[in-house]
Every structure is written in C-alpha cells, then in structure tokens.
Chemist: 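Dumping the structure here so I can ask a few things about it.
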Amino acid sequence: MIDKIQLFFKPEQRLRCEADFDAVFSEPLRSRDQFFLLLARNTNQPHPRLGLIVSKKKIRKAVHRNRVKRITRDSFRLHQHQLPVVDVIVLAYQAAEQAERLVLRRSLDKHWEKLKKQFPTL
RNA sequence: AGAGUUGGUUAAGCAGCCGCUGCUCACCGAGAAUGGUGGGUGGAGGAAAGUCCGGGCUCCACAGGGCAGGGUGCCAGGUAACACCUGGAAGAUGUGAGUCUAUGGAAAGUGCCACAGAAAAUAUACCGCUUCUUACAUUAGUGAGAGGUAAGGGUGAAAUGGUGCGGUAAGAGCGCACCGCGCUAUUGGUAACAGUAGUGGCAGGGUAAACCCCAUCCGGAGCAAGACCAAAUAGGGGAACAGUGGCUUAAGUCACGGGUGCUGCCCGCACAAGUUCCCGGGUAGGUCGCUUGAGGUGUAUGGUAACGUGCAUCCCAGACGAAUGGCUGCUCAAGACAGAACCCGGCUUAUCGACCAGCUCUUUCA
RNA sequence: UGGGGGAUCGUCCAAUGGCAGGACUACGGACUCUGACUCCGUCAAUCUAGGUUCGAAUCCUUGUCCCCCAG
C-alpha cells in the first residue's frame, strides 16, 4: 500500500486569526470526552483547518502543553484526508496533562470518526 | 574496604519512514515582490523556570549640585556591573577534610526591653551585711535613729568585668597576680587584623533584618521598548469646482437657480452643506528590532585564585495561533526536573542517576 | 511575555515586635406552647520553609497560590 497522499501540515491548514476562531465558536458542532472538546464548522476553504486551545489554567507545565499540542497536531496531520472540510478547534482538558500518549491518540481517533459521521456528505 | 567532604563533566543511545521550522543551492513560473518543487545544512536547558539582583539595547527626562526615597555594609582583588566570584581576617561549629556568618557604628541622639524581679539603665537600694547613738534586757539579742556597703538574694533571654589572695567593722579594682577590656607605642601586613611592650583601673546591659549616624552606589520606563510601510470607516486641516443666462477673447462680474430638514407638494423658515484632490495623525495588517555576542573552542602567557592578555579557529535556535514531534524495531543502568520568545552575567528553587579528580576520618593488611 | 498588588477562623475584616480580636455562620443553652428575634457560652485561623530577635501575623530571604494592568 503506497501512500501517495502528501501528509503536510502547512500554516494555511491552521486557524490563525481571531475572526476564524469566532466563526467556529458562533455555531459549532461539539464532540467531547474527558480529554478534549472539539468544535467543528463547515468552511469554504479547500482543506480542513485546525485550531488549538490549550490553556495555562488547565495544563500548568509548558512541557505538557507542548506535548498535548504536538500529539493533536500530528494526529490531525495523519487523518486530514479522511476528514470532511471543516474548521476544527480542539480544547484540551486537565485530564490530558497526565494521560498516556496512546490514550490521547485513541481518543482523537474517535473524535475524527465522529466528525465524519456528522458531516457525511462533505 | 567503609563513612564523609569539596570541585567538575554529563543529562539514554542507534536505525528506518512520515512531518514542523530558519538559512542556502538548483529548477519551474513571473514585470517584480514573491510563490511552488527538490537537495544540503542548523534546530531548547543546566536550570531554558522564578523574575530576586546587575548590565547592554531603545524611548523619555536632564547645566551643575542638593533634599527625599531605595540598595549595599569585615578587608583586598576580579568584573561592563552586581546583592556575584576569588583570596585573606575574625567568630561559630565539626575528631577531621571542611562548612556557616546582613561581620561598620550603641561614650551623636531618640525609641523599645512584655511577665517575673529590689532594680531593665538613672548610680538606684527591697531583703540582707555591718558601725555608732539610744531604749529594753543578766548576757545573747530585739526595737528606733544616723550612717557605711554592694559580698549574697527567688526572677529573667539578659543583672553593673571573672578567679584567687590580701585587706576591712562589714565590704568594695580598695590593692596585687593571671585572664578579659580600653588607650599609647612599636613590629609584620596594601588592608581587615595579628604579635610584643607599656599604661589605665573598669570606662559600664541588650537591640541598628528599630529609627538613625557614617561610608558608598542608584534619573524613569521597558522589545506589548522603539522605528518604518500602511487599507476600510469616522473625524481634523487646506485648495478647487458647483448649473443656466447676459457683458467679456478669456479671467472676471451681474442676475436667476441649485443641497438637506420641517410635509407627499407649494409658500415660508432653519442649517451650510455637496463633489474632487491634497496634507497630517493613525487603527487592522505587514516589515524591522531578532540574534556576531562583555560569544564558543584550542593554545601560550601574567596572576595563589577569581580573572586578564596575545594568537589560531568556529558560527552554534530565532518562532509569532508560535518549530525538536509521531510510528516501528533494537540495546541498557529503564530515562529525573523540565520547553527559548530582545540579549548577557549572577543568585535562588526543582532534579532519577552516571562518571572523574582532590582531601579527611575509622578499620584491616603489607 | 512584561509590570503591579495580595494571602489572618467556614465567610468578611482588625491587630504600636509582647495572651491573635470583632461581625456573620456552626454547635450548645436560656427566653417561648412552638418558631423567629434577642441574650449567654463553646469550637474554629496568621499560605509554606528558613533566618534576625529573649520573643515574629508583623522585620528579612525563599517557594506556592490568587487577583489586576499592558493587544
């Protein structure tokens, strides 16, 4: 199985300005568990985009914040072509600070599946 | 061998695949900025942390000096500077190697010292000790008065130099010896300080991380500093033009009309607008500041050391919704604390371990 | 990221370096036929770790947490 799809994660695949975030926050579809809360909304961009919110109050140490963001970003990168074209915001909860890496990845896999069901036609 | 102490180094490693990011090269496209693809190369720490000090840098203020406020505080040196470091002194502690110390001034002044105690700072006197006079009494002694003393006294964190001998009515640095303390001289040392000699006869408690005094240092703010480019909207300033007709080559001048609101229209009234262009400030956004620096490594040399100097060599993160990760396999001691955001020098705090070097103590063997 | 302020009973506030106090709450009692109000009493705290001092909530140092400001 040769994977010819390029699994990049470029700056234009990220949510960067406040207007983009506000647009998702206005009328999102939610998906949550103990580690993450995902907000998703349709977009007119050619590809899905990801925004991260990992607050200092939820996860105190900078090392752990970076770890959660890296895991989330990499999972998004690997799943981007199976996703519908949506803007997604991932909020991390306090339980993600001490969770194992594999546990976080399985949790994100479930979230991506759920998004596919919620946006079936796209 | 065990126990300890001081200083230093390191902060799991290897391979494959998929990614992120700075620089650079090649190709494609293009007027250019730049964009895309591919290759090469670099990519978190000893504390990056806390923001506790010091400096660079930037802007503001500023003739000079002082006050206020704040920091530092044994001595000398190092340094861009420091509250840091090095060496030394003194004191404390440990068998020792070592470790720790905000370690100037209390006869410049002010304040405070609860409770207890006679008394907490003024040469004071509660209980005592003791002399004289007097009353009582056989004496011992007791009471009163006038003195002399500070040896002893429960207390307290702290009590008016300590011990011994002499001395005395009782006592007392009252005298003497030793110790402590102060002063003077001298020797060593840059100095802090130490030694020696002489002398004074005790000067008078503690507290300066209480005010304070003395010496010395400090202008304020911080890269969200600051500089540049610069939409849309609102608003500021300036200029030009308003439509028609007459005179006039034209400019100009005269007459009429003209915008908005009050009413859909007219009259009337009120307001001074309208269009275009330019200028300045400046928001969103973007660019710079942004990493070559009190830099690293090696070597020589001066210095006890911190550190300095010379030469050679290297370029070693620079993001901005924010880069070091994910998957797989292997090895072992099974991986701690923890993530750059303008930069640097320190301090403090967190930390599984591993290794190296110096030194000390105890035991045993030679 | 930078700058500033704070932490005292369960809550809100006091406290010249000398026994940590008040109000509300909680609990117990009194008053009342009962409850409320009122009165009396009890319990309950100096963010952490060091240092200075005879003695620290207070002075100094360190760490933790909370709040505010700068887009």
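Just so we're on the same page: letters track the sequence lines, and every chain starts at 1. Heavy atoms only: backbone and side chains are in, while hydrogens, waters and symmetry mates are out.
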Chemist: Quote, to the nearest angstrom, the P distance that separates B/G55 from B/C82.
Modeler: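 B/G55 and B/C82 have their P atoms separated by 8 Å.
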Chemist: Please name the nucleotide paired to B/C316 by Watson-Crick or G-U wobble geometry with both distances under 3.5 Å, or report none.
Modeler: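 Partner of B/C316: none found under 3.5 Å.
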Chemist: Between C/A57 and B/G71, how far apart are the two P atoms, rounded to whole Å?
Modeler: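 About 24 Å, rounded to a whole number of Å.
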Chemist: Under a 3.5 Å cut-off for both distances, is B/U149 Watson-Crick or wobble paired, and to whom?
Modeler: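 In the structure as shown, B/U149 has B/G128 as its Watson-Crick or wobble partner.
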Chemist: Both distances under 3.5 Å, Watson-Crick or G-U wobble: report the partner of B/A116, or none.
Modeler: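 Pair assignment: B/A116 / none.
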Chemist: Let's test this: given Watson-Crick or G-U wobble pairing with both distances under 3.5 Å, identify the partner of B/U34.
Modeler: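 No nucleotide pairs with B/U34.
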Chemist: Consider side chain to side chain donor-acceptor pair (under 3.5 Å). Of A/Lys110, A/Glu113, A/His111, A/Gln118, which one does A/Ser31 pass it with?
Modeler: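 It is A/His111; the other options fail the test.
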Chemist: Can you tell me if the side-chain N/O atoms of A/Arg77 get under 4.0 Å from OP1 or OP2 in B/C18?
Modeler: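 Answer no for this pair, as no side-chain N or O of A/Arg77 is under 4.0 Å from OP1 or OP2.
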Chemist: Would you measure the distance from the C1' atom in B/A230 across to the matching atom in B/U283 and give it in whole Å?
Modeler: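 Comparing C1' positions in B/A230 and B/U283 gives a spacing of 10 Å.
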Chemist: Are any protein N/O atoms closer than 3.5 Å to N/O atoms in nucleotides 338-343 of chain B? If there are, list each pair with its distance.
Modeler:
{"unit_1": "B/A338", "atom_1": "OP1", "unit_2": "A/Lys61", "atom_2": "NZ", "d": "3.3"}
{"unit_1": "B/G339", "atom_1": "OP2", "unit_2": "A/Ala62", "atom_2": "N", "d": "3.3"}
{"unit_1": "B/G339", "atom_1": "OP2", "unit_2": "A/Val63", "atom_2": "N", "d": "3.4"}
{"unit_1": "B/G339", "atom_1": "N7", "unit_2": "A/Asn66", "atom_2": "ND2", "d": "3.3"}
{"unit_1": "B/G339", "atom_1": "O6", "unit_2": "A/Arg70", "atom_2": "NH1", "d": "2.9"}

Chemist: Can you tell me the base-pairing partner of B/C359? Count Watson-Crick or G-U wobble geometry only, both distances below 3.5 Å, and say none if there is no partner.
Modeler: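 Answer to the pairing question: B/G4, which forms a Watson-Crick or G-U pair with B/C359.
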Chemist: Going through the distances and angles, do A/Val86 and A/Arg41 end up as a side chain to side chain contact (heavy atoms under 4.5 Å, CB included)?
Modeler: CA-CA 5 Å; A/Val86 287; A/Arg41 195 186 185 211; over 6 Å; no
Chemist: Checking understanding here: a glycosidic angle within 90° of 0 is syn, the rest anti, so what is B/G46?
Modeler: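 B/G46: syn glycosidic orientation.
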Chemist: Suppose you measure atom C1' in C/A49 against the same atom in C/A7; what distance do you get, rounded to whole Å?
Modeler: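 My reading of the C1' atoms in C/A49 and C/A7 gives 16 Å.
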Chemist: Using the P atom as the point on both nucleotides, what is the distance between B/C183 and B/G201, in whole Å?
Modeler: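 Comparing P positions in B/G201 and B/C183 gives a spacing of 16 Å.
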Chemist: In Å, rounded to the nearest 0.5 Å, how long is the span from CZ of A/Arg106 to OG of A/Ser75?
Modeler: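 Spacing of CZ (A/Arg106) from OG (A/Ser75) equals 12.5 Å.
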Chemist: Syn versus anti for B/A44, judged by chi lying within 90° of 0?
Modeler: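 In terms of base orientation relative to the sugar, B/A44 is syn.
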Chemist: Which is more 5' along RNA chain B, the nucleotide nearest A/Asp74 or the one nearest A/Lys69? Just name the residue.
Modeler: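 The answer here is A/Lys69.
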Chemist: For atom C1', what is the distance between B/C85 and B/U79, given to the nearest Å?
Modeler: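 These two C1' atoms come out 9 Å apart once rounded.
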Chemist: My understanding is that a pair needs two contacts under 3.5 Å, Watson-Crick or G-U wobble. By that rule, which nucleotide pairs with B/G182?
Modeler: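 For B/G182, the partner nucleotide comes out as B/U199, under the 3.5 Å rule.
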Chemist: Taking 4.0 angstrom as the limit, do A/Asp87 and A/Arg49 come out as a salt bridge?
Modeler: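 Yes, A/Asp87 and A/Arg49 are salt-bridged.
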Chemist: Using the C1' atoms only, state how far B/C129 lies from B/G152, rounded to an integer number of Å.
Modeler: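 Roughly 9 Å separates the two C1' atoms.
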Chemist: For C/G2, which nucleotide in any strand shown is its Watson-Crick or wobble partner with both distances under 3.5 Å?
Modeler: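 By the stated definition (distances under 3.5 Å), C/C69 pairs with C/G2.
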Chemist: Syn or anti for B/C179, taking syn as within 90° of 0?
Modeler: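 B/C179: anti.
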Chemist: Tell me whether the side-chain N/O atoms of A/Lys56 come closer than 4.0 Å to OP1 or OP2 in C/U1.
Modeler: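 Looking at the OP1 and OP2 atoms of C/U1, one of them is under 4.0 Å from a side-chain N or O of A/Lys56.
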Chemist: Across all strands shown, which nucleotide pairs with B/A47 by Watson-Crick or G-U wobble geometry, both distances under 3.5 Å?
Modeler: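 B/A47 is paired with nothing.
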Chemist: Taking the C1' atom in each of B/C337 and C/G5, what is the distance between them to the nearest angstrom?
Modeler: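 About 31 Å, rounded to a whole number of Å.
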Chemist: Need one value for A/Arg73: base, sugar-phosphate or nothing, where a base atom within 4.0 Å counts as base even if backbone is also close, heavy atoms only.
Modeler: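 Sugar-phosphate, no base atom in range.
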